[in-house]
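Please read the structure below before turning to the comments.
Remember, predicted model here, so these are calculated numbers, not experimental data. Note on naming: letters A, B, ... go to the chains in the order of the sequence lines (proteins, then strands), and numbering restarts at 1 for each one.
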Amino acid sequence: MKEKLQDALFSAVRQVLDAADDAGEVPAFALELPKRADHGDFACNAAMLLAKRLGEPPRAIAERLAAALGDAAGLVERSEIAGPGFLNIWLSAARWQALMRTVLELGPRYGHSKQGDGRRVQVEFVSANPTGPLTLGHGRQGVLGDVLARLLEASGFEVTREYYFNNGGRQMRVLGESVRARALEQLGRAAAPPPEMFEADESDWPTEIDGLPVLFPRDGYQGGYIAVLAEEARARHGDVLDDAALGGDACRVLAQEHIFEDIRATLERMDIHFDVYSNEMDLYEEGKVEAVLQDLRETGNVYDADGAVWLRATALGLERDRVLVKSSGEPTYLLPDLAYHREKFRRGFDRVIDVQGADHIEQFPYVCAGVGALGCPAERIELLMNQFVTLTRGGEQVKQSTRKATYVTVDELIADVGRDVFRFFMIQRKAEGHLDFDLDVAESTDWKKNPAYTVQYAHARTHGIERQAAEQGVPMPNAQSVEAAELVLPEEIELLKKVAEFPAVVARAAESREPHHVAYYAREVAGLWNPYVQDRKRHRVLSEDASLTSGRLGLTLAVRGVLANALALLGLSAPERM
RNA sequence: GCCCCGGUAGCUCAGUUGGAUAGAGCAGCGGCCUUCUAAGCCGCGGGUCGGGGGUUCAAUUCCUCCCCGGGGCGCCA
């Protein structure tokens, strides 16, 4: 619909230019949905853009543009010049007929496009290291990445969802040591450092308490789940626990396995499914990390200083140089990260999107510069950054501390509010802003109060109406029989306009990597539909008037169509009754 | 000190890539109503878009300088 009008306007502008002996190009004018209904269905700014070029007032140009446009082969009912020189355009009523038919015909595909043309996109997200349960930050990132992936799929891209984790470095070693220490504490062969010691100075860290050695690392993992893992370690690796190296290693492997199992279960609860899991260790074993270092050395992008190997990032236009291999001989995380990103390109992705928390944002340019130096098209990597999540209850912020492991986990929150509410809340704000997760609202099952239920209930209501219709023996219309002519009330036109907007909303959300638009859109539809259904005094869907009833049932199905598709993109269920 | 993100109605936030009189949901006020599933429906009030300067037909949107809040600035990940 919009495309046709766009074409008609293009020719109209061409005509106006030709008449003025201007052979230049038609400017990229905007065709937008006005905020106000009395500004028409579409508004075009072409006349204003031409004002300077033609040396005439924009309103005069708009006159000629309107004349050239005419009725655009029956598409346009009328047009008006308004404001500084806008051309406001009203489409003929026949468009609603076409819209309803399209929505009913396409069903679950309404709003989808072939924009991506099968190009391959990788979305890397969550990527939490298996050192403990997923936090709300991971949860937000999970939903963000997953909904973005769904949007890209709906736009015709071939998407790979990928999870990458570091299991080769210090972090995992500390995890193993934490488990081993707890196991030996349980056996009475080591002393547990008292909690307040973690607050004290590093130098005060005890080596021995009451004759027992303190094995728990100063920066160890304090969460309660470590004790559970320790029990498992005692049962399975009791024989090697006393050996620091062997025991620590066995505990690390055991912890990674168990924790990763838990993470997968959590992802399952969020309804997030990855196609590929990658990890740092594999990159080492396949020699990919070593290869990167070698290639960087050959191309003169690294140098040695202070016993370490540095990436010459300043030569690539960045703030400072970065260490790739520490003087201890151990690589920093940046080196395997470069290897991993080079692999992404080797695997043939046209586009790579890294979903990362705000704490990683500074690192991103170094990864891009590094793989760029390796000859990869780094401009194809995108960063989708997200800020942190805070919990609010009763207007007060719920205190969380990762260090003390006193944080609410994804599992706990889902157990509390359910998957659908969890997902909706995590996606409803734009990613780069802070997300305030209001528990009072999220825990409410009142459909009017909780936006996730507002949307789902709006969908359920379309089924409620259909059930009612079936009871009364009223047939539901289909794509062929649907009739829009009876839909004339302002609130009905508003709903139809909203339904018509859906494909543009999806396209924009996908292109701009802003999934929250879909959540807002769903709320808007529900915000129109719920009052429409509820206001029985002015109108009812099911009435004595058979033709009117049929038209309104068509509207019901169209609204259901966009709600169901929006919910699917958000990864929420679309219940038929609640 | 430097970098990134935010600052829009009492609160939580949108704002279609620079457009017309800046919106939604809650909260507040007034009037109706008794449900195609759950108290709903209609209307009203409410704003120096953090502040100054600039760019142009047009700035909440782009540039610049300040203010406030959050995050980051390791041979940690």
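- For B:G6, the paired nucleotide is B:C68, the pair qualifying as Watson-Crick or G-U wobble because both relevant distances are below 3.5 Å.
- Classification of A:D219 and A:R170 as a salt-bridged pair holds, one side-chain N sitting under 4.0 Å from a carboxylate O.
- Evaluation of the salt bridge (charged side-chain N to carboxylate O under 4.0 Å, His left out) rule for A:D306 yields no partner, not counting sequence neighbours.
- Partners of A:R467 by salt bridge (charged side-chain N to carboxylate O under 4.0 Å, His left out), not counting sequence neighbours: none found.
- B:G47 is unpaired under the Watson-Crick or G-U wobble criterion, no partner having all donor-acceptor distances under 3.5 Å.
- Although no hydrogens or angles enter the test, the distance criterion places no donor-acceptor pair under 3.5 Å between the side chain of A:H516 and the main chain of A:A431.
- The NZ atom of A:K35 sits 13 Å away from the C1' atom of B:U8 (whole-angstrom rounding).
- Ring to ring, A:Y457 and A:W529 are not that close: their centroids are 6.0 angstrom or more apart.
- Contact check on A:E466 versus A:R560 returns a salt bridge, with a Lys/Arg side-chain nitrogen under 4.0 Å from an Asp/Glu carboxylate oxygen.
- Figure legend. B:G1 is base-paired to B:C73; pairs are counted as Watson-Crick or G-U wobble with both atom distances under 3.5 Å.
- Heavy atoms of A:A82 sit under 4.0 angstrom from at least one base atom.
- Interatomic distance, A:F216 CZ to A:F198 CZ, rounded to the nearest 0.5 Å: 4.5 Å.
- Pair check for B:C41 finds B:G31; Watson-Crick or G-U wobble, both atom distances under 3.5 Å.
- Atom CG in A:N386 sits about 11 Å away from atom C1' in B:C5, given to the nearest Å.
- Separating the C1' atom of B:C76 from that of B:C5 is a span of 23 Å, rounded to the nearest Å.
- Heavy atoms from other residues, nucleotides or ligands lying under 6.0 Å from CD of A:E319 number 12 at most.
- Between the A:S178 side chain and the A:Y221 main chain, a donor and an acceptor come within less than 3.5 Å of each other.
- A syn orientation is assigned to B:U17, its glycosidic angle lying within 90° of 0.
- Near RNA chain B, defined here as any heavy-atom distance below 4.0 Å, the residues from residues 498-511 of chain A are A:R508, listed numerically.
- The two atoms that bring A:L99 and A:L496 nearest to each other are CD2-O, 3.3 Å, heavy atoms only.
- Here the straight-line distance linking atom NZ of A:K430 with atom CD of A:Q387 works out to 11.0 Å at 0.5 Å rounding.
- Both distances falling under 3.5 Å, in either a Watson-Crick or a G-U wobble arrangement, occur for no nucleotide opposite B:U21.
- Using a 4.0 Å heavy-atom cutoff across all strands shown, A:D337 reaches no nucleic acid atom at all.
- The pair A:R429-A:E514 does not meet the salt-bridge criterion, since no charged nitrogen lies less than 4.0 angstrom from a carboxylate oxygen.
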Run the side-chain donor-acceptor check on residues 436-447 of chain A: report pairs under 3.5 Å with partners two or more places apart or on a different chain.
from   : atom 1 : to     : atom 2 : distance (Å)
A:D436 : OD1    : A:T392 : OG1    : 2.3
A:D436 : OD2    : A:T392 : OG1    : 3.4
A:D438 : OD1    : A:D440 : N      : 3.0
A:D440 : OD2    : A:G394 : N      : 2.5
A:E443 : OE1    : A:R393 : NH2    : 3.1
A:E443 : OE2    : A:R393 : NH2    : 2.2
A:S444 : OG     : A:D446 : N      : 3.1
A:D446 : OD1    : A:K448 : N      : 2.9

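- A distance of about 14 Å separates the C1' atoms of B:A59 and B:U64, rounded to the whole Å.
- Taking 4.0 Å as the cut-off between side-chain N and carboxylate O, A:E501 and A:K498 count as a salt-bridged pair.
- Aromatic rings from A:F165 and A:Y277 are positioned such that their centres are separated by 6.0 Å or more.
- Residue A:G527 is classed as having no contact, given no heavy-atom separation below 4.0 Å to the nucleic acid.
- In this structure, A:F424 has its ring center no closer than 6.0 Å to that of A:Y453.
- A straight line from NE2 of A:H517 to P of B:G23 spans 18 Å, rounded to a whole angstrom.
- Judged as a salt bridge (charged side-chain N to carboxylate O under 4.0 Å, His left out), and not counting sequence neighbours, A:E280 has no contacts.
- Contacts of A:R423 classified as side chain to side chain contact (heavy atoms under 4.5 Å, CB included), with partners at least two apart in sequence or in another chain: A:V143, A:D146, A:V147, A:R150, A:D271, A:I272, A:R419, A:L572.
- As rounded to the nearest Å, B:G25 and B:C66 have P atoms that lie 40 Å from one another.
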So which protein N/O to nucleotides 31-34 of chain B N/O distances come out below 3.5 Å?
from  : atom 1 : to     : atom 2 : distance (Å)
B:C32 : O2'    : A:K537 : NZ     : 3.3

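- Residues of residues 465-475 of chain A that place a heavy atom closer than 4.0 Å to RNA chain B, in numerical order, are A:I465, A:Q468.
- Following rounding to the nearest Å, A:E432 (CD) and B:U17 (C1') show an atom-to-atom distance of 13 Å.
- Whole-Å rounding puts the A:K430 NZ to B:G15 P distance at 5 Å.
- Taken residue by residue, residues 439-461 of chain A places heavy atoms nearer than 4.0 Å to RNA chain B at A:W447, A:K448, A:Y457, A:A460.
- Ionic pairing of A:R552 and A:E486 is not present here: no N-O contact between side-chain nitrogen and carboxylate oxygen is shorter than 4.0 angstrom.
- Nearest nucleotide to the side chain of A:M578, out of B:A38, B:U17, B:U12: B:A38.
- Between A:K288 and A:E290 there is no salt bridge, since none of the side-chain N atoms of the basic residue sits less than 4.0 Å from a carboxylate O of the acidic one.
- For the pair A:W529 CH2 and B:C41 P, the interatomic distance rounds to 14 Å; values are reported in whole Å.
- Atom NE2 of A:H539 is separated from atom C1' of B:C41 by 10 Å (rounded to the nearest Å).
- Distance CG (A:N530) to C1' (B:C26): 15 Å, rounded to an integer number of Å.
- In the set B:C5, B:C2, B:G19, B:C2 carries the atom at the smallest distance from any side-chain atom of A:E319.
- A:E483 and A:S547 share no donor-acceptor pair across their side chains, judged by distance under 3.5 Å alone.
- Of the candidates B:U16, B:A14, B:G19, B:G19 carries the atom nearest the A:N45 side chain, counting heavy atoms from C-beta on.
- Here the two rings, on A:F502 and A:Y521, have centers that are under 6.0 Å apart.
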(message) Each nucleotide in nucleotides 70-77 of chain B should get exactly one letter: B, S or -. Can you fill that in based on protein heavy atoms under 4.0 Å?
(response) BSBSSBSB

Which protein N or O atoms sit under 3.5 Å from an N or O of nucleotides 56-58 of chain B?
from  : atom 1 : to    : atom 2 : distance (Å)
B:C57 : OP1    : A:K52 : NZ     : 2.9

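- Pairing of B:U55, defined by two Watson-Crick or G-U wobble distances under 3.5 Å, is not identified with any nucleotide.
- Only at 4.0 angstrom or more do the heavy atoms of residues 550-567 of chain A sit from any atom of RNA chain B, so none qualifies.
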